[in-house]
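Take a look at the structure below.
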Amino acid sequence: MRISKLFGKTQRETPAEADTVSHQLLLKAGMISQLAAGVYSYLPLAWRVLKKIEAIIREEMDGAGGQELNMPVLQPLELWQQTGRDKAFGKGMLVLSDRKERKLVLGPTHEEVVTSLVSHNVQSYRDLPLLLYQLQTKFRDEPRPRAGLIRVREFIMKDLYSFDADDDSLAQSYDKMLQAYRNIYARCGLPATLVEADSGAIGGKDSHEFMALVESGEDEIIYCNSCGYAANVEKAQSIKDGVAGGKPLPVEEVSTPGKTSIEEVAGFLKVLPSHTIKAVFHVADGKLAFVVIRGDLEVNEVKLKNVLRCTELRMATEAEVKEAGIVAGSASPVGIKGIKVVADDSITTGVNFVAGANKPDTHLRNVNYPRDFTADMVADIARASAGHRCPTCESKLLSARGIEVGHVFKLGTFLSEKLGAFYVDASGVSRPIVMGCYGIGVGRVLAAIIELNHDNKGIVWPLSVAPYHICLCPLFMENPKVVAAAESLHDELEAAGMEVLFDDRDESPGVKFNDADLLGIPLRVTISPRTLEKSSVEVKRRSEKSPELVPVEGLAARLKELIEV
RNA sequence: CGGGGUGUAGCGCAGUUGGCUAGCGCGCAGCGUUUGGGACGCUGAGGUCGGAGGUUCAAGUCCUCUCACCCCGACCA
C-alpha cells in the first residue's frame, strides 16, 4: 500500500476531544473518525487491525469447536419480553418502530435470538454440546460513551454461545473457552488477567472477566498476590475482621450535638468507626431501602442490587429520606418500621455498636444485633478494598485498574426455559439446555492493545495485529536511485507475502520517520543515497532504538526472519 | 439523568467595553529553494462564527431557547 494513496491522514496536533492515550493515537494516526457519541468509522488502517484481531479470534473459536454464524441486528421486542431481559437492559436497548408500528430493538446482544434459533434446531442430547459464535455489530445505548473505542455504543463483538446437556458439560465448555481466551490475548500481545465478576444484566451464575491492567481503565480489580485471588470490585469479597467481643451491655442513649457523619460521631464518642453502624438509603425500583453497614465499610451497590433483586438502584435524595420520616445523621435500624432493612453481615461480627437513635443530635451506645434490631435481609453487601484481607488466604488485598476486554458467563437454563430450548436426554426425558456465553469487544481489544503498547512517539503494534509489517521509507525521492530501489524492494517484499506500507510521498525524513513511529508499524526499512552507497538499507524495529544495516540482496530473507519470530 | 465544560476553515486556537472586507499556526493547492527526526519563501483556495429567535443603527461578541460534543458520577464487551 502506498501512503500517498492511503485513505486517512496523520495529524500533527492531537484532537482536543481525546484524553485517553488510545483515543488520541487512533485519531492522530487517522485510524478512526467519530460520527456521533460512541459511534465511529474505522478507516483502512484500523480496519486492517480489527480484521487481524478477528482472524485470531476466529482461529481460536474454530479450534475450540465453535461454528460461526450470523444473526439479525433487528430483533423483535417481544423476544426480549419473553425472557424479561428487556427490563434488565432498560434504556440501554434502543427500541425502534417499523412501518407497521411493530417494535424492534437494535440487538444489544444475541442470547435471545440464538436460543430461539437453537430451540428450533436442537432436539436431542446427541446434538450437544454445541458452540455457536458470531462476530457482529451490536448496539447499546450507553448512558456515557467515553475514551474513544473503549466505551462506545455501536461496537463489534465476538459472542460465543455454548449449549450443553448439564452443568458438568457446561463446566467443560466454559474451561475450553477460558483457554481459548488466554490464547487470543496472548496472540494479540495483550496481557489480560482473569478475574471473578458480577454477571450484571446478562444474568447467570458464575462469571469471569478478562482485564487488561491499565491505569486509565474504568474497572477496579481487587487482587491478592499471595494466593492469586482476583475479582472485579463489584464482586470482590474481603474478610470483615471482627471487632473486639465482650458482653452485650444495655443500650444507652447519648447526646451527640451536631455530629452526623461516622467520623464525627466516632471521634466524639472516642470509638473506632468499626464500632459504629451506619445507615444509608437507596431507592430500589422506586422503593426506599434502609441499608445498614458497619461504619468503617462502604456499600457495594452491585451486591446490594443483587440482594434486592431490583433492576434500578440509586441513592435516595435528601427529600426522599426526609419524607420517609428518617432523621438523617442519626438514622438507625433500631425501632425502624415500615421500611425494608438490608444489613451487611458485618453488623453481626461485633457487639456494643454505636448507632443512631432516630432523634436529632442523639446516638445509642451498645446496640446489638439481633437483640436491638432486626433486618429483612442480612447479606454481604460491603465493598472490598485494598488493605482488607483476602477471603481465601487472609493476606492483604491490593487494587488495580483495568479495561474489561472479555466477559464469560455460565448462564444456566433461565433463557432456554423461557424460550423453549429443550432437548431429550438419553433416557427420553425433556430437559432445558444449559447455556453459557462468552464475549469479546473487538474494538475495545484494539484500543487496549494501544493502551499497553505505545510510547511518546505513537503506537507500537505487536506484529500479530499490526496493520502492516513493514514501513518502507525511501528518503530523498528526487534521487532516481532511491526511487528505483524502493520500487523494486516494494514489489519484491510484497511478492514474498509481506505486508508493506510504502511511504512514497515526497516528504522530509523527519515527517516520514515520525509518521512511521506514530502508525506503529513494527519494522521500518529506510532507503537513502547513504545506505545505497553500501548496497544496503536500514532496518529498524519500532520497539528498538538502533537500526541494523542489511544488504539489499538479503533484505527479504532478513525481514522474513524478523516477521516470523 | 445529576454536576462541570466546549462549540469560530480539515486540525489546534485567538477574536478587547458590541464597530468596518472574521484572524493566527498547522494542514491543503501551485511554483521555487531545501531535507537522515515534523524545512523555508512566494502565491492561492477554504467560514451561513453549532442552530433558532430576540435586543441594537450595528451581534462571533449581549439576552432567551435549543442542539451537539467532551469530562466527573449511576451502566457494560
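So that the names make sense, note that chain A is the first sequence line, chain B the second, and so on, each numbered from 1. The structure presented is a predicted model; accordingly, all values stated were derived computationally and were not measured.
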- prompt: Which word best sums up how the rings of A/Tyr185 and A/Tyr181 line up, parallel for under 30°, tilted for 30 to 60°, or perpendicular for over 60°?
  reply: perpendicular
- prompt: Relative to each other, are the rings of A/Trp80 and A/Phe89 parallel, tilted or perpendicular (30° and 60° limits)?
  reply: perpendicular
Using whole Å, report how far [atom1] of [X] lies from [atom2] of [N].
X        : N     : atom1 : atom2 : result
A/Glu17  : B/C71 : CD    : P     : 9 Å
A/Glu301 : B/C76 : CD    : P     : 13 Å
A/His208 : B/C76 : NE2   : C1'   : 18 Å
A/Glu111 : B/C76 : CD    : P     : 13 Å
A/Ile150 : B/C72 : CD1   : P     : 11 Å
A/Ile403 : B/C75 : CD1   : P     : 19 Å
A/Leu35  : B/A68 : CG    : P     : 13 Å
A/Leu190 : B/A77 : CG    : P     : 17 Å

- line: Readout for nucleotides 34-42 of chain B: B = base within 4.0 Å of protein heavy atom, S = sugar-phosphate only, - = neither; 5' to 3' it is -BBBBS---
task: Please tell me which of A/Gly441 and A/Lys91 maps to the more 5' nucleotide of RNA chain B, matching each residue to the nucleotide holding its nearest heavy atom.
output: A/Lys91
Over all strands shown, is [X] touching base, sugar-phosphate only, or nothing at heavy-atom distances under 4.0 angstrom?
X        : value
A/Ala197 : nothing
A/Ala36  : sugar-phosphate
A/Val152 : base

Minimum-distance nucleotide (side-chain atoms of A/Glu13 versus B/C76, B/C69, B/C26): B/C26
What side-chain donor-acceptor pairs closer than 3.5 Å can you find for residues 476-489 of chain A, not counting sequence neighbours?
unit_1	atom_1	unit_2	atom_2	d
A/Asn479	OD1	A/Lys481	N	2.8
A/Asn479	OD1	A/Val482	N	3.4
A/Glu487	OE1	A/Arg2	NH2	2.8
A/Glu487	OE2	A/Arg2	NH1	3.1

message: Can you see if the side chain of A/Arg144 gets near the phosphate of B/C72 - specifically, an N or O under 4.0 Å from OP1 or OP2?
response: yes
message: Looking at A/Arg146, I'd like to know whether one of its side-chain N or O atoms comes within less than 4.0 Å of OP1 or OP2 on B/C71.
response: no
Expressed as a whole number of Å, how far does the [atom1] atom of [N] sit from that of [M]?
N     : M     : atom1 : value
B/A52 : B/A59 : P     : 14 Å
B/U55 : B/U8  : C1'   : 22 Å
B/C42 : B/U34 : C1'   : 15 Å
B/G10 : B/U56 : C1'   : 35 Å

- prompt: For A/Glu301 and A/His282, what are the C-alpha separation, side-chain angles and deciding distance, and is it a side-chain hydrogen bond (donor to acceptor under 3.5 Å, both in side chains)?
  reply: CA-CA 9 Å; A/Glu301 293 202 2; A/His282 286 79; 3.2 Å; yes
- prompt: Below 3.5 Å, does any donor atom in the side chain of A/Asp19 face an acceptor in the base of B/C70, or the other way round?
  reply: no
query: Has the side chain of A/Arg151 got a donor or acceptor atom sitting under 3.5 Å from an opposite partner on the base of B/C75?
result: yes
Charged N to carboxylate O under 4.0 angstrom, [X] versus [Y]?
X        : Y        : result
A/Glu60  : A/Lys158 : no
A/Glu209 : A/Lys235 : no
A/Lys303 : A/Asp344 : no
A/Asp198 : A/Lys305 : no
A/Glu404 : A/Arg151 : no

- prompt: Given pairs defined as Watson-Crick or G-U wobble with both distances under 3.5 Å, what dot-bracket annotation applies to RNA chain B, with ( ) intrastrand, [ ] crossing, | other strand and . unpaired?
  reply: (((((((..((((.....[...)))).((((((.....)))))).....(((((..]....))))))))))))....
message: Could you tell me if the side chain of A/Leu130 sits less than 4.5 Å from the side chain of A/Gln67, heavy atoms only?
response: yes
